[in-house]
Amino acid sequence: MAQKPSIPKGTRDFTPQEMANRNYIFNTIKDVFRLYGFQQIETPAMENLSTLMGKYGEEGDKLLFKILNSGDYLSGLTNDELLGRNSTKLTTKISEKGLRYDLTVPFARFVVQNRDKISFPFKRYQIQPVWRADRPQKGRYREFYQCDVDVVGSDSLLNELELIQIVDEVYRRLKINVVIKINNRKILSGIAEIIGETEKITDITVAIDKMDKIGLDKVNEEIASKGISEEAIAKLQPILKLSGTNEEKLTQLKTVLSASEIGLKGVSELETIFGLCKAMSLATHIELDLTLARGLNYYTGAIFEVKALDVEIGSITGGGRYDNLTGVFGMDGVSGVGISFGADRIYDVLNQLDLYPETSIEQTQILFVSFGEAELMYCLPLLKELRNNGINAEIYPESAKMKKQMSYADNKKIPYVAIVGDTEMNEGKVMLKNMKTGQQSLMTLEDVLTELK
RNA sequence: GUGAUUAUAGCUCAGUUGGUUAGAGCGUCGGAUUGUGGUUCCGAAGGUCGCGGGUUCGAGCCCCGUUUUUCACCCCA
């Protein structure tokens with residue numbers, strides 16, 4: 001036998017059945033996005049590395065897939081560069097393109113580059129794969145689809161509300177029980193300010209993000225290991241232990257953060273958002289979670305994360321407000337807010353809960369059995385007529401044994417088979433067999449049409 | 001990047017302390033049945049036991065390396 005073929009680690013093939021299931025997810029999400037006035041764009045799979053590098057932190061740069069320059073990519077190198085064994089330096093010489101790591105940064109680039117063609121506020125959605133050179137594990141792939149919705153060019157908290165409504169509606173349609181966790185980067189900044197460790201905010205947020213997983217003690221350990229004073233950690237404790245309803249938490253926070261202007265701004269933003277959500281009476285539970293920090297550092301306001309309640313998997317949707325993402329591409333003063341649905345994780349959740357609708361519209365409805373030349377010439381026009389009427393129809397392309405053709409229909413779960421031989425042709429009819437009941441009857445094409453519709 | 005874990009037929013997996021010619025189920029193909037699928041029965045094809053090296057009279061099984069799978073950490077959808 002020849003060498004066994006394989007695909008790169010962290011990637012997956014999808015069969016027709018799996019694609020039908022995935023398209024159900026994509027279509028559901030798309031429908032909701034459109035309902036709120038978002039328009040689709042696409043960007044290239046690859047971007048210039050200069051666009052991607054430095055936008056996701058040091059860790060992110062490492063996880064970028066880089067594309068080797070074409071041609072003799074070593075020709076311009078000096079021996080020193082080649083033998084220097086400095087991967088970072090060498091990379092810039094031999095690779096100038098990379099696969100996109102997310103959809104937000106390419107979108108920011110898109111906005112800057114196409115600002116003459118779009119009018120603000122710009123509401124776009126984008127459903128495309130992204131690639132990360134991570135080690136794959138549960139719910140983590142190296143190629144996966146994100147479904148992003150963002151609004152740029154509007155500071156209004158109404159946008160946050162609509163994104164929450166979209167989350168609510170998407171998961172209602174997909175029948176997945178979720179909780180929406182929400183936090184505000186300004187509150188986190190306020191906390192850092194209060195405890196006097198503003199420059200350590202990233203370390204602090206990364207640590208408290210793990211609260212769920214490792215518990216309070218370990219979080220304190222990790223924060224201490226980052227060189228934060230005991231005094232500051234002591235001040236942090238009441239915040240980490242915050243409990244009660246969202247309103248109660250906000251009230252407590254107002255007291256704790258009374259000396260921090262930015263912190264209070266964050267609290268008031270969340271109050272507004274919660275107020276709006278309450279007025280819309282959403283089905284999904286929304287929870288203020290201060291331990292929600294999210295790694296991507298460009299968030300500046302609200303932060304969202306959605307967790308599935310019935311399946312153990314990482315967050316299936318996440319996002320937030322970023323005040324100046326386009327700034328790095330030379331366009332200041334454009335605020336954006338957006339969220340990203342992780343289609344592959346949603347797919348895993350749906351698979352585990354088996355929540356797919358039964359019928360699939362992509363299915364073939366009728367198969368014509370092939371006997372020979374004369375029968376073919378009789379069947380082809382009938383086939384065309386059915387297709388003109390919007391019926392998914394096919395004919396078995398070879399005059400194989402009937403058993404084989406019937407098995408084909410059976411395996412493909414085609415509900416009807418049309419059998420046409422001498423008898424049928426003489427009468428100008430077809431023999432229509434219902435594969436479920438096994439019954440069959442001689443009928444005209446018109447009868448077939450009404451039967452199938 | 002760190003630590004574990006896995007690899008045997010197209011797929012899912014057996015394979016005893018190292019001992020003849022490595023098995024099963026499913027799938028595929030052929031037949032029972034040349035115009036009838038699902039159920040049944042009969043038969044066949046299909047393997048460099050991930051790859052490379054080592055130990056041994058002898059390795060699917062033991063050792064080393066490597067790749068791969070899955071999981072946890074880091075980080076993240």
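Remember, predicted model here, so these are calculated numbers, not experimental data.
- As a whole-Å value, the separation of A:L63 CG from B:C75 C1' is 7 Å.
- Stacking of A:R22 on the aromatic ring of A:Y347 is recorded, both the 6.0 Å distance cut-off and the 45° axial limit being met.
- Here B:C11 presents its P atom at 20 Å from CD of A:Q17, a figure rounded to the nearest Å.
- In this structure the side chain of A:C277 reaches within 4.5 angstrom of the side chain of A:L161, judged on heavy atoms.
- Residues A:V219 and A:E222 are not in side-chain contact: their nearest non-hydrogen atoms beyond the backbone lie 4.5 Å or more apart.
- You cannot call A:F341 stacked on the base of B:A77; the centres under 5.5 Å and planes under 30° rule is not satisfied.
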Atom pairs under 3.5 Å, N or O on each side, protein against nucleotides 68-72 of chain B: can you list them with distances?
{"residue": "B:C71", "atom": "OP2", "partner": "A:K138", "partner atom": "N", "Å": "3.0"}
{"residue": "B:A72", "atom": "OP2", "partner": "A:Q137", "partner atom": "OE1", "Å": "2.8"}

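- As a whole-Å value, the separation of A:E424 CD from B:U36 P is 13 Å.
- Rounded to whole Å, the C1' atom of B:G3 lies 36 Å from the corresponding atom of B:G58.
- For A:Q405 against B:U36, a side-chain-to-base donor-acceptor contact under 3.5 Å is absent.
- Taking atom P in both B:G35 and B:U39, one finds a spacing of 22 Å when rounded to whole Å.
- Between B:C74 and B:G10, the distance separating the two P atoms is 39 Å to the nearest Å.
- In terms of polar N and O atoms assigned as donor or acceptor, the side chain of A:E59 never comes within less than 3.5 Å of the base of B:G1 in a complementary pairing.
- Within the nucleic acid shown, A:S407 comes within 4.0 Å of sugar-phosphate atoms alone, with no base atom in reach, counting heavy atoms only.
- Atom-to-atom, CD of A:E58 to C1' of B:C74 comes out at 13 Å; the value is rounded to the nearest Å.
- Here the options are A:K97, A:R109, A:K66, the test is salt bridge (Lys or Arg N to Asp or Glu O under 4.0 Å), and the partner is A:E47; only A:R109 passes.
- A 4.5 Å side-chain heavy-atom check between A:E287 and A:I180 finds every atom pair outside the cut-off.
- Seen from the ring of A:F107, A:R124 counts as a face-on cation partner, given the 6.0 Å and 45° thresholds.
- Within the 4.5 Å cutoff, no side-chain heavy atoms of A:N392 are placed close to those of A:R387.
- B:G46 and B:C26 have their C1' atoms separated by 14 Å, given to the nearest Å.
- Separating the CG atom of A:D209 from the C1' atom of B:C74 is a distance of 13 Å, rounded to the nearest angstrom.
- No side-chain heavy atom of A:I339 sits under 4.5 Å from any side-chain heavy atom of A:V306.
- Taking atom OH of residue A:Y101 and atom P of nucleotide B:A77, one finds them 7 Å apart after rounding to whole Å.
- At least one side-chain heavy atom of A:V448 sits under 4.5 Å from a side-chain heavy atom of A:M443.
- Look at the C1' atom in both B:U21 and B:C64: the space between them is 31 Å, to the nearest Å.
- Residue-level contact check: A:I316 touches the backbone only, with heavy atoms under 4.0 Å from sugar-phosphate atoms and none from bases.
- Between A:T423 and A:R345, the one whose closest nucleotide on RNA chain B sits nearer the 5' end is A:T423.
- Within the nucleic acid shown, A:G314 has no heavy atom closer than 4.0 Å to any nucleic acid atom.
- In this structure, A:Y56 and A:Y101 have tilted ring planes: the angle between them lies in the 30° to 60° band.
- Listed here is the closest heavy atom pair of A:E305 and A:S315: CG-CB, 3.2 Å.
- Across B:U28 and B:C11, the matching P atoms stand 15 Å from one another, rounded to whole Å.
- Residue A:G438 is classed as a base contact, given a heavy-atom separation below 4.0 Å to a base.
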Polar atom pairs (N or O), protein with nucleotides 27-30 of chain B, under 3.5 Å:
{"residue": "B:C29", "atom": "OP1", "partner": "A:K404", "partner atom": "NZ", "Å": "2.6"}

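- Within the nucleic acid shown, A:D422 comes within 4.0 Å of at least one base atom, counting heavy atoms only.
- Nucleotides B:U17 and B:U55, compared at atom P, are 25 Å apart to the nearest Å.
- Scanning all heavy atoms of the two residues, the minimum distance from A:D13 to A:E18 falls at O-OE1, 3.6 Å.
- Using a distance-only test at 3.5 Å, with no hydrogens or angles considered, a donor-acceptor pair links the side chain of A:N183 to the main chain of A:L290.
- A parallel orientation is assigned to the rings of A:F110 and A:F122, their planes being inclined by less than 30° (bins at 30° and 60°).
- For the pair A:V420 and A:K210, nearest-nucleotide mapping onto RNA chain B gives the more 5' position to A:V420.
- Between A:M425 atom CE and B:G35 atom C1' there is a gap of 13 Å when expressed in whole angstrom units.
- Comparing the C1' positions of B:C63 and B:C75 gives an interatomic distance of 36 Å, to the nearest angstrom.
- Whole-Å rounding puts the A:L367 CG to B:G37 P distance at 14 Å.
- Secondary structure note: stems in RNA chain B built from 3 or more consecutive Watson-Crick or G-U wobble pairs under 3.5 Å occupy B:1-4 with B:70-73, B:10-13 with B:23-26, B:28-32 with B:40-44, B:50-54 with B:62-66.
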